[in-house]
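Working notes, beginning with the structure itself.
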Amino acid sequence: MRRHYATIKDIARALNISVSTVSRAMRDTYDVNAETRQMVLAKAAELNYRPNFNAMGLVKNSSHNLAVLLPGITNYYFSTVFTGIQEVAYRHGYNLILHVTNDDAERELSIIRNLSFSSLDGMLVSVSSQADACDHFQEIINDGVPVVFFDRVAEHVSTSKVMQDDYNGAFEATEHLVAKGYRRIAHIAGPQGLTFTGNRLQGYLDALRKHKLPVQDSWIIHSGFSQDSGYQDFRQLWQLSSKPDAIFAVNDRKAVGAMLAMKEMNVIPGKEVGVIGFTNDPVSAIISPSLSTIAEPAFEIGKVSCQLLLNHIRKKNFIAEEVVLPGKLIERESTQKVTFTTKRK
């Protein structure tokens with residue numbers, strides 16, 4: 001048997017007041033005094049009252065449901081972003097419906113085509129790394145459904161977007177390697193066509209040019225975001241006649257994969273090849289040597305994204321915003337060149 005939840009009629013009957021007074025008290029309108037409102041809220045808690053969003057939706061044309069579209073949920077970054085989204089959504093009485101594309105453009109399109117937008121107030125989206133066209137998102141927006149992008153954004157779709165500062169983070173990561181004495185710096189990048197992949201590549205290139213260091217096409221490898229991609233990328237780099245002495249990885253998972261490949265090939269991370277990542281995944285602090293990285297504000301990205309979506313929902317003519325949040329350099333052992341000194345006798 002399903003549990004019975006009280007209605008506003010039950011509360012009104014228990015307090016011997018009108019249903020309209022209960023309704024106004026719940027909405028905290030100006031014409032209900034504080035004592036009455038507290039009395040209503042106390043009775044609602046006692047009777048196990050829950051708002052009926054389906055009924056409210058019929059009246060207000062609102063479902064209180066938000067869809068969240070993610071490339072994955074098992075890695076630290078996206079799970080942390082989702083936690084930030086949850087905090088804001090639940091505080092404002094919204095339910096979240098999660099869809100995971102597994103970085104598959106066809107699955108992303110299938111999810112979009114099969115969504116019931118009549119039961120959604122809006123969408124939060126991080127696009128698939130394989131998606132080279134985002135017309136389906138523009139169609140949704142044109143149909144009146146608010147959409148906000150975060151992290152992996154659809155560059156040519158006109159709506160609000162929330163990102164970390166990919167360009168300056170990459171520039172700082174590369175310049176950190178230069179400051180530590182590395183001079184032949186490779187970049188194991190993400191898939192081409194994504195805005196943040198391009199921004200991180202550009203930050204890397206500009207830092208090398210600033211310090212008049214060589215840029216070699218063979219030292220730039222585009223592949224996936226996984227640990228295995230990083231592993232394979234390093235093996236490819238190490239087959240070159242001109243080998244790099246440092247690697248800037250597009251994310252920590254690829255950096256860890258590269259370090260595992262180094263260890264298999266008897267290359268010492270840090271001493272022989274410096275490595276820096278981008279995310280500050282918890283594994284970066286426990287791998288040996290520990291991984292230098294650019295920490296992304298994942299939780300804040302989730303919170304800001306959800307708040308922007310709520311702004312779009314509440315105000316149909318809300319002007320789209322592009323928010324860029326800064327990262328932070330975290331220096332660890334993987335960018336420390338080891339020097340040996342003899343003890344004085």
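All values below were derived from every heavy atom in this structure, side-chain atoms included, with hydrogens, water molecules and symmetry-related copies excluded. Positions are given from 1 along the sequence.
Taking CD1 from I294 and NZ from K328, the interatomic distance works out to 11.0 Å, rounded to the nearest 0.5 Å. To the nearest 0.5 Å, atoms CG (N251) and OG (S284) are separated by 11.0 Å. Here CE of M262 is found 8.5 Å from CG of L237. Values are rounded to the nearest 0.5 Å. Taking CD from E108 and NE2 from H99, the interatomic distance works out to 12.0 Å, rounded to the nearest 0.5 Å. Note that the CE atom of M163 and the CD1 atom of I301 stand 9.5 Å from one another [nearest 0.5 Å]. Atoms CG and CD, from L66 and Q86 in turn, are 11.5 Å apart once rounded to the nearest 0.5 Å.
For the residue pair Q138 / N142, a side-chain donor-acceptor distance below 3.5 Å is found, with atom types taken as modelled. Side-chain contact annotation: T197 with H222, donor-acceptor N/O pair under 3.5 Å absent. Side-chain contact check for K254 and S223: at least one donor-acceptor pair (N or O, by modelled atom type) lies under 3.5 Å. In summary, the side chains of S226 and S229 do present a donor paired with an acceptor at a separation below 3.5 Å, with no hydrogens or angles considered.
Residues R24 and D31 are paired through a salt bridge, judged by an N-O separation under 4.0 Å between the basic side chain and the carboxylate. Residues E331 and K180 are paired through a salt bridge, judged by an N-O separation under 4.0 Å between the basic side chain and the carboxylate. Ion pairing between R152 and D103 holds under the 4.0 Å rule for side-chain N and carboxylate O. The existence of a salt bridge linking K210 and E175 is confirmed by a sub-4.0 Å separation between a basic side-chain nitrogen and an acidic carboxylate oxygen.
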For this session: Take D151 and Q164 through the side-chain hydrogen bond (donor to acceptor under 3.5 Å, both in side chains) test and state the conclusion after the steps.
Result: CA-CA 7 Å; D151 186 56; Q164 56 278 331; 2.7 Å; yes
Problem set entry | Stepwise salt bridge (Lys or Arg N to Asp or Glu O under 4.0 Å) test for R113 and E139 | CA-CA 11 Å; R113 295 299 186 219; E139 290 174 12; 3.3 Å; yes
Exercise. Run the side-chain hydrogen bond (donor to acceptor under 3.5 Å, both in side chains) check on S23 and S20 step by step: do they pass?
Worked result: CA-CA 5 Å; S23 177; S20 62; over 6 Å; no
For this session: Tell me, with the steps shown, if N280 and T293 meet side-chain hydrogen bond (donor to acceptor under 3.5 Å, both in side chains).
Result: CA-CA 6 Å; N280 198 30; T293 188; 5.4 Å; no
Exercise. Are L260 and E264 close enough, and set up right, to give a side-chain contact (heavy atoms from CB on, under 4.5 Å), and what steps lead you there?
Worked result: CA-CA 6 Å; L260 294 177; E264 280 191 11; over 6 Å; no
For this session: Please test L70 against I73 for side-chain contact (heavy atoms from CB on, under 4.5 Å), starting from the C-alpha separation and ending with a verdict.
Result: CA-CA 7 Å; L70 292 177; I73 196 63; 3.5 Å; yes
For this session: Determine, stepwise, if the pair L205 / R209 fulfils side-chain contact (heavy atoms from CB on, under 4.5 Å).
Result: CA-CA 6 Å; L205 292 172; R209 289 164 182 150; 3.7 Å; yes
Problem set entry | L194/V127 under side-chain contact (heavy atoms from CB on, under 4.5 Å): CA gap, chis, key distance, verdict | CA-CA 9 Å; L194 286 173; V127 301; 4.0 Å; yes
For this session: In sequence, state the C-alpha distance, the side-chain angles, and the governing distance for N33 and T36, and then conclude on side-chain hydrogen bond (donor to acceptor under 3.5 Å, both in side chains).
Result: CA-CA 6 Å; N33 64 49; T36 300; 2.9 Å; yes
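The side-chain heavy atoms of V275 and T335, taken from C-beta on, include no pair separated by under 4.5 Å. Inter-residue side-chain proximity for V283 and R253 is flagged as unmet; no heavy-atom pair is nearer than 4.5 Å. Side-chain contact between L96 and F82 is present, with at least one heavy-atom pair separated by less than 4.5 Å. In this structure, I85 and Y90 have side chains that are not in contact, with every pair of non-hydrogen atoms separated by 4.5 Å or more. Looking at heavy atoms from C-beta onward, H176 lies in side-chain contact with L329 at the 4.5 angstrom threshold. Between E321 and F318 the shortest side-chain heavy-atom distance falls below 4.5 Å. Considering only heavy atoms from C-beta on, E296 stays 4.5 Å or farther from T80 through its side chain. Side-chain contact between V81 and F299: absent, with no pair of heavy atoms (C-beta onward) separated by less than 4.5 Å.
One N or O on the side chain of D10 and one on the backbone of T7 form a donor-acceptor pair closer than 3.5 Å. Checking side-chain atoms of Y94 against main-chain N and O of D121 turns up no donor-acceptor pair under 3.5 Å. At least one donor-acceptor pair closer than 3.5 Å links the side chain of R332 to the backbone N or O of L291. Checked by atom type and distance alone, the side chain of R107 never pairs as donor or acceptor with a backbone atom of N102 at under 3.5 Å. Looking at W219, its side chain never comes within 3.5 Å of a backbone N or O of I247 through a donor-acceptor pair. Of the possible donor and acceptor atoms, none in the side chain of T21 sits under 3.5 Å from a partner among the backbone N and O of I17. A donor-acceptor pair is defined here as one N or O able to donate and one able to accept, closer than 3.5 Å; such a pair exists between the side chain of D245 and the backbone of R184. The main-chain N or O of D281 is never found under 3.5 Å from a side-chain atom of T279 such that the two would form a donor-acceptor pair. With hydrogens and angles ignored, the 3.5 Å screen pairs a side-chain donor or acceptor of K243 with a backbone N or O of L240. Without hydrogens or angle criteria, S290 side chain to I287 main chain gives no donor-acceptor distance under 3.5 Å.
Smallest separation of non-hydrogen atoms from I313 and P146: CG1-CG, 3.9 Å. Residues K43 and A14 come closest through the heavy atom pair CD-CB, 4.0 Å. Here the shortest heavy-atom pairing between R37 and A25 reads NE-O, 3.0 Å. In terms of heavy-atom proximity, V100 sits nearest to P71 at CG1-O, 3.8 Å. When all heavy atoms of V147 and L309 are compared, the closest pair comes out as N-CD1, 4.2 Å. Considering every non-hydrogen atom in both G327 and P297, the closest pair reads CA-CD, 4.5 Å.
Figure legend: cation-pi geometry between K161 and F150 absent, as NZ or CZ is not positioned both under 6.0 Å from the six-membered ring centre and within 45° of its axis.
The cluster map of Ile, Leu, Val, Met, Phe, Trp and Tyr, joined by side-chain heavy atoms under 4.5 Å apart, puts F149 and I111 in the same cluster. Both I112 and V153 are part of a single hydrophobic cluster, where members link through side-chain heavy atoms under 4.5 Å apart. No single ILVMFWY cluster, assembled from side-chain heavy atoms under 4.5 Å apart, contains both I276 and Y167. Cluster membership check: I330 does not share its hydrophobic cluster with L325, using side-chain heavy-atom separations under 4.5 Å among Ile, Leu, Val, Met, Phe, Trp and Tyr. Hydrophobic clustering of Ile, Leu, Val, Met, Phe, Trp and Tyr side chains at less than 4.5 Å, counting indirect connections, keeps I268 apart from F234.
For the ring-ring contact (aromatic ring centres under 6.0 Å, His included) test with F225, the passing option among Y77, F78, F196, F278 is F196; the others fail.
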